[in-house]
Amino acid sequence: MISWIQELTAQPIVAGFSTHPDWDHVLWHAELGQAPRYGTAPCATFMRDVRSNEDWKARAYDGLPPEIADETPLDLYGLITGLPAQTVQIPWDGPKVRIIEHPAHAPGHAALFIEERGILGAGDMLSDLFVPMPDVENAANPIDDYLIGLRLLEDVADDVDVVIPGHGSAGGADQVRARITQDRAYVHALRDGRKPRDLRIESPKPGWE
Ligand SMILES: [Zn+2]
């Protein structure tokens, strides 16, 4: 996996960003080098707490899908450099990347918006594969939070040409609002105690597992 990233970029990796503190977003491989891996302050705090447990590695291992657990290096797992609260862009020399921190899926979740390219990296939001996953473990009001998160993403929707979710496939400009509408409908159904009508459940695409 590592070599294709480097072949693709043909450039050294100078920075990483973890959109949120879920296992599949805080992995790192030694071959990727020493670049800082940024995250929001709450994301970094969450992962520091995780790593402060004496048995964190065993717990992280147990949380991995069994089919990849033995080949997943954990030494660099969750080492996130927290950016100070209110940091609005990634501290690097590349294109300006706006950090859109928002409640919804996980503590300190952030989408990244590369304005000059119209690219929105949505973390675990706006997936065409997964229905919304509100943060029921950590949030006091997970449903309300989710709706706030969708609204904050909607604020930039007009300027997005490509949306890239952490799971599923990228979508074009028309997909941004479509996915927000779809996710909002799902969350409204949860809120109102209705069974959500959602194509992602009714005819799931491969990969939803
Ligand atoms: Zn997640």
Side-chain angles (χ1 to χ4, degrees), residues 1 5 16-29 32 37-51 53 56-57 59-69 72-74 76-83 90 97 99-113 119-154 156 163-171 175-176 179-180 182-184 186-187 190 196 198 200-201 204-209:
M1 174 187 117
I5 295 178
F17 188 89
S18 284
T19 54
H20 64 290
D22 279 347
W23 72 268
D24 52 332
H25 298 261
V26 294
L27 297 168
W28 197 255
H29 195 290
L32 293 171
R37 297 140 63 194
Y38 297 115
T40 63
C43 173
T45 302
F46 191 98
M47 288 316 303
R48 198 162 30 237
D49 287 350
V50 166
R51 286 183 59 106
N53 290 302
W56 72 266
K57 218 180 242 189
R59 290 197 211 179
Y61 179 90
D62 288 344
L64 296 171
E67 65 273 23
I68 61 161
T72 303
L74 289 175
L76 302 173
Y77 178 88
L79 289 174
I80 307 299
T81 301
L83 294 168
I90 304 270
V97 182
I99 300 165
I100 305 174
E101 184 174 349
H102 64 85
H105 169 66
H109 192 284
L112 296 182
F113 183 37
I119 296 172
L120 181 70
D124 273 0
M125 303 287 285
L126 309 187
S127 173
D128 59 330
L129 200 58
F130 290 165
V131 295
M133 296 174 278
D135 186 11
V136 291
E137 276 177 42
N138 305 292
N141 299 297
I143 297 291
D144 292 346
D145 279 359
Y146 211 97
L147 295 171
I148 292 169
L150 288 175
R151 212 156 51 229
L152 289 170
L153 297 179
E154 194 171 36
V156 299
V163 55
I164 305 174
H167 305 273
S169 43
Q175 275 293 300
V176 185
R179 292 186 188 186
I180 290 171
Q182 176 176 245
D183 284 352
R184 191 175 277 142
Y186 180 93
V187 174
L190 289 189
D198 196 298
R200 292 169 292 189
I201 302 172
K205 295 183 188 179
W208 66 272
E209 307 89 325

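All heavy atoms count here, side chains included; hydrogens, waters and symmetry mates do not. Whatever order the structure lists ligands and atoms in, that order sets their numbers, starting from 1.
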Next on the checklist: Could you walk me through whether Ile99 and Ile90 satisfy the side chain to side chain contact (heavy atoms under 4.5 Å, CB included) test, starting with their C-alpha distance in whole Å, then the side-chain angles of each, then the deciding distance to 0.1 Å, before giving a yes or no?
Outcome noted: CA-CA 7 Å; Ile99 300 165; Ile90 304 270; 4.2 Å; yes

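Taken to the nearest 0.5 Å, the CG atom of Asp183 stands 8.0 Å off from the CD1 atom of Ile180. Going from atom NE2 of His25 over to atom NE2 of His105 covers 6.0 Å, rounded to the nearest 0.5 Å.
For the 3.5 Å distance criterion, the side chains of Asp145 and His102 fail to qualify, holding no donor opposite an acceptor. The closest side-chain donor-acceptor pair between Asp128 and His167, if any, does not fall under 3.5 angstrom.
Here the protein contributes His20 NE2, Asp22 OD2, His105 NE2, Asp124 OD2 as N, O or S atoms under 2.8 Å from the Zn ion (ligand 1).
Of all heavy-atom pairs spanning Asp124 and His109, the tightest one is N-NE2, 3.0 Å.
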